[in-house]
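Because the structure is a prediction, the values reported are computed rather than measured. Read the numbers this way: they start at 1 and go in the same order the structure lists the ligands and their atoms.
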Amino acid sequence: MNRIPSAALFLAAASAPLFAQTRPTPAPLAVDPVVARLRDDALANDHYAWDITEGLTTEVGQRMAGTEAEARARNWSVAKLKSLGFSNVRIEEFTVPTAIRGAESAEILAPFPQKMVVNALGGSGVTGPEGVTGEVVGFDSVDSLRLAPEESVRGKIVFVDHRMTPTQDGSGYGQFGAPRRQGPTIASQKGAIAIVIRSIGTDHNRTPHTGSMEFANGAKPIPAGALSVPDAEQLERILKRGKPVTMRLRLQAQRMQGASGNVIAELPGSDPALAPVLVGCHLDSWDLGTGAIDDASGCGIVAAAAKRIMNAGKPKRTIRVVWFGAEEIGLLGGLDYQAKHGKEPHYALAESDFGADRIWQVNSKLGTERREEARMLGAALAPLGILTGSLETAEGSDIGPMIAAGVPGVGLSQDGTRYFDLHHTANDTLDKIDPVQLRQNVAAWTAMLAVLSGPIEPVKLKRRRVR
Ligand code: ZN
Ligand code: ZN
């Protein structure tokens, strides 16, 4: 797609004939030159986000919630945030259920013996080393599984297929996430011995997409795995041949309780009586890739933006950076933060958790009395090619429950077109991050923080002594 430079867009809007307008367009707001300078400097020069993303994925690697790897990530984060000059750097710990993945395999025994690539979903039941063996019964959606008579499912291995197509806003995830989120419970309730789903992904690599799931309404846990997309398509073709299909599925794991925690750091504002602006990401990742797009880059983006404000001077409001723990296994870090701090005032919440591709839209929910501020935010972001969307919604993973409870929020929407090619797979690694788009993210977050936490008192430059 060709992108029209924002200056050209602005001129086109300014010269549009009046009769073409159905209602008056508000005059463009002037952007504070300090905000514009911080934004443009981040766009051209930021290296902090890359340094954090590269460091975390290289020096820690996978960061499964509740494991010693996530604990190493917390220690790494504390050292990093302190070295960047943040204050009040601390860990708030909590306990979570977790699992360490063991040997996993899926094999068609009949009619066409062959191996397939599978990974257990988070929350899956566990098999012994011999696995479970049974006839496969296929469904094209969770709804057809839901409508199926119990006797067609009992004692069998359920397979749920679906087609997920990429979208810029990632909206397919809500709809096509159903096989993962609800499929295992329904299959278990109908007496299935296991379930495999087509990965919730838009790629054609042999890398299954894991993700969280829990057995609801007292359903007994059964082994639940995701086949890679090519393997799911292969299984679909095998089933279409009409002969009984037998699969052996092995999903071994060790389940346990473990420590998790949120890493919190602050850039203190000049007026401590004012409510802080919270920017977040999640520090944990799945155990397959190194969690570069999900969500090391988010941590890099939000901390880089706060660091750039720090370099420029002192904001009026405190900026609180929260690298949440245990997001992947059920937003547990966000819920712990809400339990401990949900009653304290927050001026705004925002979270980066959708990769590192460019931001195309800003949504906010700051309240009707802060409409001018929301418009100001839009004006500051427009030169980055960012549209102003809704002024009545904001979203975020860990911060979602607090926004739902009425805390003001901002959502900077990233381009999700290729996000679900990589999401929750072994392919989520640093090489997938485009440094140019990463800097556009930092520029947007820096501008947002400058608008919400400002005005910024410039750093007092030491006068050079003339000798
Ligand atoms: Zn995430
Ligand atoms: Zn995730």
Side-chain angles (χ1 to χ4, degrees), residues 49 52-53 56-57 60-67 69-70 73 77 96 98-99 101 119-124 164 169-174 176-177 180-181 197 199-203 207-214 226 260 262-263 279-303 321-337 349-357 359 395-401 403 411-416 418-430 432-433 438 441 445:
I52 291 167
T53 310
L56 186 58
T57 54
V60 181
Q62 299 94 357
R63 305 173 296 283
M64 180 71 190
T67 66
E70 200 200 16
S77 304
V96 298
T98 187
R101 199 178 292 277
N119 282 135
L121 297 172
S124 164
M164 178 172 166
D169 65 359
S171 50
Y173 192 49
F176 294 104
R180 190 185 86 204
R181 297 189 198 99
I197 61 162
S199 279
I200 313 304
T202 48
D203 61 304
T207 45
H209 298 239
T210 190
S212 72
M213 168 274 300
E214 77 190 285
S260 184
N262 296 327
V263 178
V279 290
C281 63
H282 65 85
L283 185 57
D284 65 308
S285 74
W286 284 103
D287 54 346
L288 300 171
T290 57
I293 65 155
D294 189 15
D295 183 28
S297 55
C299 294
I301 290 163
V302 302
V321 176
V322 185
W323 292 2
F324 292 99
E327 187 271 350
E328 294 293 7
I329 59 171
L331 312 179
L332 303 180
L335 294 171
D336 186 76
Y337 183 89
L349 311 173
E351 183 164 2
S352 178
D353 182 18
F354 201 50
D357 283 350
I359 293 169
E395 62 284 319
S397 40
D398 298 280
I399 60 170
I403 291 179
L412 292 171
S413 311
Q414 290 158 301
D415 182 347
R418 63 183 189 128
Y419 187 68
F420 291 106
D421 289 353
L422 306 165
H423 180 246
H424 297 180
T425 72
N427 250 343
D428 177 4
T429 48
L430 183 69
K432 312 306 184 306
I433 290 181
L438 183 67
N441 275 265
W445 280 78

For a side-chain contact (heavy atoms from CB on, under 4.5 Å) check, start with the C-alpha distance between Gln414 and Tyr419, then their side-chain angles and the critical distance, and finish with the verdict. CA-CA 9 Å; Gln414 290 158 301; Tyr419 187 68; over 6 Å; no

So what's near the Zn ion (ligand 1), protein N, O or S atoms under 2.8 Å? His282 NE2, Asp294 OD1, Asp353 OD1, Asp353 OD2

Could you list the residues that satisfy salt bridge (Lys or Arg N to Asp or Glu O under 4.0 Å) with Asp421, not counting sequence neighbours? none

If only side-chain N and O atoms count, and only distance matters, is there a donor-acceptor pair under 3.5 Å linking Asp169 with Ser171? yes

By side chain to side chain contact (heavy atoms under 4.5 Å, CB included) - contacts of Ala356 (at least two apart): Ser297, Ile433, Leu438

Asp428 meets the side chain to side chain contact (heavy atoms under 4.5 Å, CB included) criterion, sequence neighbours left out, with Ala292, Ile293, Asp294

Should the pair Arg181 and Tyr173 be classed as cation-pi, given the thresholds of under 6.0 Å to the six-membered ring centre and 45° from the axis? yes

Minimum-distance N/O/S atom that His424 presents toward the Zn ion (ligand 2): NE2

